[in-house]
Chemist: 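First the structure, then my questions, so here it is.
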Amino acid sequence: MGVEYKAWPFREAQGLLPRFRQHPAAPVAFQTGFGPSGLPHIGTFAEVARTTWVRRAFEHLTHYPTRQIAFSDDMDGLRKVPLNLPNAEMLEAHLGRPLCSIPDPYGCCESYSAHMNGKLREFLSHYGFNYEFQSSNEAYTRGDFDAGLCILLEREAEVKAIVLPTLGEERQADWSPFFPICERCGRVYSTRVLACRPEEHALDYACDRADGRIPSCGHRGTLPITGGRVKVGWKVDWALRWYSYDIAYEMYGKDLIDSAKISGRIVKLMGKRPPHGFYYEMFLDEQGQKISKSVGKGVTVDAWIQYASLESLLFFLYQTPQRQRRLYWDVIPKSVDDYLAELRAYHGAPEEERPNHAIWHIHNMGREVPRFDTSVNYSLINNLIVGIGADEPGLIADFLERYDPSSRNYHATLMDLVAKGLNYYRDFVLPNKHYRRPTENEKRMFGELRERLAAYSGDDEKEMQAMPFEVARANGVEPAALFKAFYEVVFGQERGPRFGTFVKLVGKERAMELLGNAAS
RNA sequence: GGGCGGGUAGCUCAGCCGGUAGAGCAACGGCCUUUUAAGCCGUGGGCCGAGGGUUCGAAUCCCUCCCCGCUCACCA
């Protein structure tokens with residue numbers, strides 16, 4: 001191929017090329033992970049989106065078939081009860097059991113993890129991602145991992161040699177790559193491996209490792225390692241997935257860099273090559289803290305969608321994944337306008353340059369790129385909303401379409417921007433306004449202004465503009481003081497739109513209503 | 001302590017496969033036949049964290065150091 005694209009998804013895809021000198025026999029597998037102990041959050045969304053971009057870039061370069069797996073770790077045990085879930089007492093009783101064998105705290109699905117998995121699938125499908133869902137529990141039970149498990153059992157000592165040095169002294173004593181699920185009490189975090197029996201593909205264990213709130217039942221027994229009766233621990237589990245599904249690509253947060261290294265060594269030990277890795281930086285909240293998974297702090301996908309388009313979120317997520325960035329409400333307006341600016345620029349870019357644009361990646365490899373050739377943008381809309389203090393979308397749109405007639409060609413998009421701008425205004429601008437009560441003198445002037453407006457039959461901007469001046473002079477007050485009072489009382493801000501323009505825009509009736517309220 | 005990222009205008013950041021700095025907001029000034037501006041036009045403002053190196057030339061590449069943040073060292 002002649003062109004070298006420098007956009008990061010292409011750099012990633014290019015890193016993958018040396019693995020496939022020949023056309024691969026099976027679709028090239030890209031994977032994302034999901035921990036179903038909580039609801040899917042924006043990090044999960046970001047990971048799936050970014051992986052999709054790399055996948056598409058790879059397809060663009062090679063035309064090889066690919067697949068994307070969303071893998072859910074639903075065999076993991078519950079170590080502590082999340083704060084944001086109902087039925088905490090019930091969950092407490094199931095600590096240490098795999099998520100897939102704990103009842104749904106919401107009571108609607110067949111298990112805890114089934115609920116979370118359902119949410120994930122709903123979430124990803126709703127936003128149009130292409131992926132195959134894979135449950136860890138189903139994979140274990142079905143035997144997807146059996147071959148890999150047998151290799152791990154044979155080479156248990158070597159796996160230990162890799163993992164033990166990374167553990168604390170205390171854990172080293174009884175740590176094993178294998179976590180048997182106790183046949184009697186069903187817990188996975190209370191067991192301890194006593195002996196491995198590689199020739200029988202089995203191991204001996206004891207359920208006597210009570211830890212904190214996780215009890216043990218004291219049972220001792222022997223279990224085959226296959227068929228989902230035994231799972232493997234974290235880094236080993238990751239390696240096992242890579243091994244069993246021939247994962248070629250997986251990205252992860254920078255907190256997992258060390259884990260990925262360990263897992264890579266394990267998968268090599270098993271005889272396969274680790275996937276091409278890529279780590280991304282974490283998003284920070286307003287205070288510069290990592291966005292929490294369990295506590296509903298920070299921006300969620302659904303919340304973003306209320307204030308701006310999905311595309312603007314994707315645009316945000318596309319930018320510099322390896323740089324730490326703040327993800328907070330105040331980044332939304334800028335992101336929307338940056339996105340719209342890119343959208344305008346995109347159509348003017350030469351064909352061969354387009355794959356370097358975020359727009360190309362966001363809109364299905366440049367196949368479905370909308371147009372938005374108008375100067376209207378989100379900040380204009382927000383300013384307008386603040387300026388006229390109106391909450392009628394039609395009114396705002398009217399003004400915009402007069403302001404720039406070309407915006408009429410994008411009416412639907414415009415209305416969406418307006419609706420979302422109004423949401424943003426309501427939730428983030430309005431709470432910061434400080435309305436004050438008018439003085440008696442000001443009330444009287446508002447009343448007089450209202451009467452003048454009522455007595456006037458035309459709708460000439462200049463004539464209406466003259467009214468506040470007349471009222472102010474008649475009361476021996478500086479016009480500036482009256483304007484200021486008007487803005488502070490009606491808009492909750494020191495400044496506002498030109499009076500005549502404002503009345504013309506919102507209509508005399510509405511203006512009189514506002515003045516009437518202010519005067520009472 | 002290890003790993004990762006950042007330190008550029010008052011604030012938030014872009015620029016970083018080298019050619020003497022940009023945007024948005026804020027500030028200031030001006031404009032729409034009257035003093036009010038959602039809007040428009042314009043202005044000011046930065047030894048680009050510190051030092052050294054490579055180069056004709058470095059915010060941009062290399063080295064050292066300082067500061068800030070995140071993250072792993074317990075668990076998946």
Chemist: Is the base of B/U35 touched by the side chain of A/R473 through a donor-acceptor pair closer than 3.5 angstrom?
Modeler: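 Side chain to base: pair present.
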
Chemist: Pick the C1' atom in B/C66 and in B/G45, then give their distance to the nearest Å.
Modeler: 27 Å

Chemist: Are A/E281 and A/K254 within salt-bridge range, i.e. N to O under 4.0 Å?
Modeler: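 A/K254 and A/E281: salt-bridged.
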
Chemist: So does A/D330 pair up with A/R326, basic N to acidic O under 4.0 Å?
Modeler: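 Looking at A/D330 and A/R326, the cut-off is met.
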
Chemist: Looking for any heavy atom pair under 4.0 Å, which part of the strands does A/E170 touch: base, sugar-phosphate only, or nothing?
Modeler: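 Contact class for A/E170: none.
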
Chemist: Please state the C1' separation for the pair B/A58 and B/C72 - nearest whole angstrom.
Modeler: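 B/A58 and B/C72 have their C1' atoms separated by 35 Å.
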
Chemist: Can you tell me how far C1' of B/C68 sits from CG of A/L284, to the nearest Å?
Modeler: 12 Å

Chemist: Give none if B/G39 has no partner; otherwise give the nucleotide forming a Watson-Crick or G-U wobble pair with it, both distances under 3.5 Å.
Modeler: B/C31

Chemist: Please confirm whether the backbone N or O of A/F315 pairs with a side-chain atom of A/Q319, one donor and one acceptor, at under 3.5 Å?
Modeler: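 Pair found, side chain donor or acceptor close to backbone of A/F315.
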
Chemist: Can you tell me which nucleotide in B/A76, B/C4, B/G5 comes closest to the side chain of A/R323?
Modeler: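 Shortest atom-to-atom distance from the side chain points to B/G5.
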
Chemist: Which is true for A/F486 with a 4.0 Å heavy-atom rule: it touches a base, it touches only sugar-phosphate, or it touches nothing?
Modeler: nothing

Chemist: For A/I214 and B/C74, what is the distance between atoms CD1 and P respectively, to the nearest whole Å?
Modeler: 17 Å

Chemist: Is the ring centre of A/F469 under 5.5 Å from the base ring centre of B/U34, and are the two planes under 30° apart, so that they stack?
Modeler: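 Yes, the aromatic ring of A/F469 stacks with the base.
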
Chemist: Looking at every strand, decide which applies to A/L167 at a 4.0 Å heavy-atom threshold: base, sugar-phosphate, or nothing.
Modeler: sugar-phosphate

Chemist: By nearest nucleotide on RNA chain B, pick out whichever of A/D258 and A/A466 is the more 5' one.
Modeler: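 Checking each residue's closest nucleotide, the 5'-ward one belongs to A/A466.
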
Chemist: Give a yes or no on this: more than 12 heavy atoms of other residues, nucleotides or ligands lie within 6.0 Å of atom CZ of A/R437.
Modeler: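 No, CZ of A/R437 has 12 or fewer neighbouring heavy atoms, counting only those of other groups under 6.0 Å.
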
Chemist: Can you tell me how far C1' in B/C62 sits from the matching atom in B/G18, rounded to whole Å?
Modeler: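 Each nucleotide's C1' atom is 13 Å from the other's.
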
Chemist: Specify the separation, in whole Å, of atom CZ of A/F316 and atom P of B/A14.
Modeler: 10 Å

Chemist: Expressed in whole Å, how much space separates the P atoms belonging to B/C65 and B/C70?
Modeler: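 Taking atom P in both B/C65 and B/C70, they lie 23 Å apart.
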
Chemist: Taking the same atom, P, in B/G49 and in B/G42, what whole-Å distance lies between them?
Modeler: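 B/G49 and B/G42 have their P atoms separated by 30 Å.
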
Chemist: Salt bridge check: are A/R241 and A/D237 linked by an N-O gap of less than 4.0 Å?
Modeler: no

Chemist: Choose from B/C74, B/C70, B/A76 the nucleotide whose nearest atom is closest to any side-chain atom of A/M282.
Modeler: B/C70

Chemist: What's the closest nucleotide to the A/L380 side chain, out of B/G69, B/C13, B/G39?
Modeler: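 Among B/G69, B/C13, B/G39, the one nearest the side chain of A/L380 is B/G39.
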
Chemist: Suppose we define a pair by two distances each less than 3.5 Å, Watson-Crick or G-U wobble; what does B/C16 pair with here?
Modeler: none

Chemist: Please measure how far the P atom in B/A9 lies from the corresponding atom in B/C48, and state the result in whole Å.
Modeler: 10 Å

Chemist: Nearest of B/C70, B/C72, B/U35 to any side-chain atom of A/D255?
Modeler: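 The answer is B/C72, which lies nearest to the side chain.
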
Chemist: How close or far is atom P of B/G24 from atom CG of A/D338, stated in whole angstroms?
Modeler: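 Distance check: A/D338 CG to B/G24 P gives 11 Å.
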
Chemist: Using a distance-only criterion (donor-acceptor N/O pair, under 3.5 Å, no hydrogens), is the base of B/C70 paired with the side chain of A/K254?
Modeler: yes

Chemist: So A/R11, base contact, sugar-phosphate only, or nothing? Heavy-atom distance under 4.0 Å.
Modeler: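 Nothing, no nucleic acid heavy atom in range.
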
Chemist: Describe the nucleic acid contact of A/F34 in one word from base, sugar-phosphate, nothing, applying a heavy-atom distance below 4.0 Å.
Modeler: nothing

Chemist: Reading RNA chain B from 5' onward, which residue's closest nucleotide shows up sooner: A/E169 or A/E470?
Modeler: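 It is A/E470 whose nearest nucleotide is closer to the 5' end.
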
Chemist: Is the CZ atom of A/R426 crowded by more than 12 outside heavy atoms at less than 6.0 Å?
Modeler: yes

Chemist: Under 4.0 Å, counting only non-hydrogen atoms across every strand here, what does A/G35 touch: a base, just sugar-phosphate, or nothing?
Modeler: nothing

Chemist: Measure the distance from CG on A/D73 to C1' on B/A76 and round it to the nearest whole Å.
Modeler: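 In whole Å, B/A76 C1' lies 8 Å from A/D73 CG.
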
Chemist: Would you classify A/R79 as touching base, sugar-phosphate or nothing, given that sugar-phosphate means primed atoms plus P, OP1 and OP2, and contacts are heavy atoms under 4.0 Å?
Modeler: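 Sugar-phosphate, no base atom in range.
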
Chemist: Closest to the A/E281 side chain: B/A76, B/C4, B/C70?
Modeler: B/C4

Chemist: Round to the nearest Å and state the distance from A/D237 atom CG to B/A76 atom P.
Modeler: 10 Å

Chemist: What is the base-pairing partner of B/G5, counting Watson-Crick and G-U wobble geometry with both distances under 3.5 Å?
Modeler: B/C68

Chemist: To the side chain of A/Y279, which of B/A76, B/C4, B/G69 is closest?
Modeler: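 When the side chain of A/Y279 is considered, B/C4 is the closest of B/A76, B/C4, B/G69.
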
Chemist: May I ask you to check whether A/S259 and A/W234 show a side-chain donor-acceptor distance below 3.5 Å?
Modeler: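 Yes, side-chain donor-acceptor contact under 3.5 Å.
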
Chemist: Provide the Watson-Crick or G-U wobble partner of B/G45, both distances under 3.5 Å; none if there is no partner.
Modeler: none

Chemist: Return the nearest nucleotide to the side chain of A/R326; candidates are B/A76, B/G3, B/U12.
Modeler: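 Selected nucleotide: B/U12.
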
Chemist: Say you pick atom P in B/A21 and the same atom in B/C47; how far apart are they, in whole Å?
Modeler: 13 Å

Chemist: Go ahead and name the base partner of B/C25; Watson-Crick or wobble counts if both distances stay under 3.5 Å, otherwise write none.
Modeler: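 B/C25 is paired with B/G10.
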
Chemist: Can you check the A/L327 CG to B/U12 P distance for me, whole Å?
Modeler: 17 Å

Chemist: Quickly work out the A/D74 CG to B/A76 C1' distance and round it to whole Å.
Modeler: 13 Å

Chemist: Among B/C17, B/A76, B/G3, which nucleotide has an atom closest to any side-chain atom of A/K6?
Modeler: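 Ranking B/C17, B/A76, B/G3 by closest atom to the A/K6 side chain puts B/C17 first.
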
Chemist: Scan side-chain atoms only and decide if A/E47 and A/Y280 contain a donor-acceptor pair under the 3.5 Å cut-off.
Modeler: yes

Chemist: Can you establish whether the number of heavy atoms outside A/K119 located under 6.0 Å from its atom NZ is more than 12?
Modeler: no

Chemist: In whole Å, what separates the P atom of B/A14 from that of B/G7?
Modeler: 7 Å

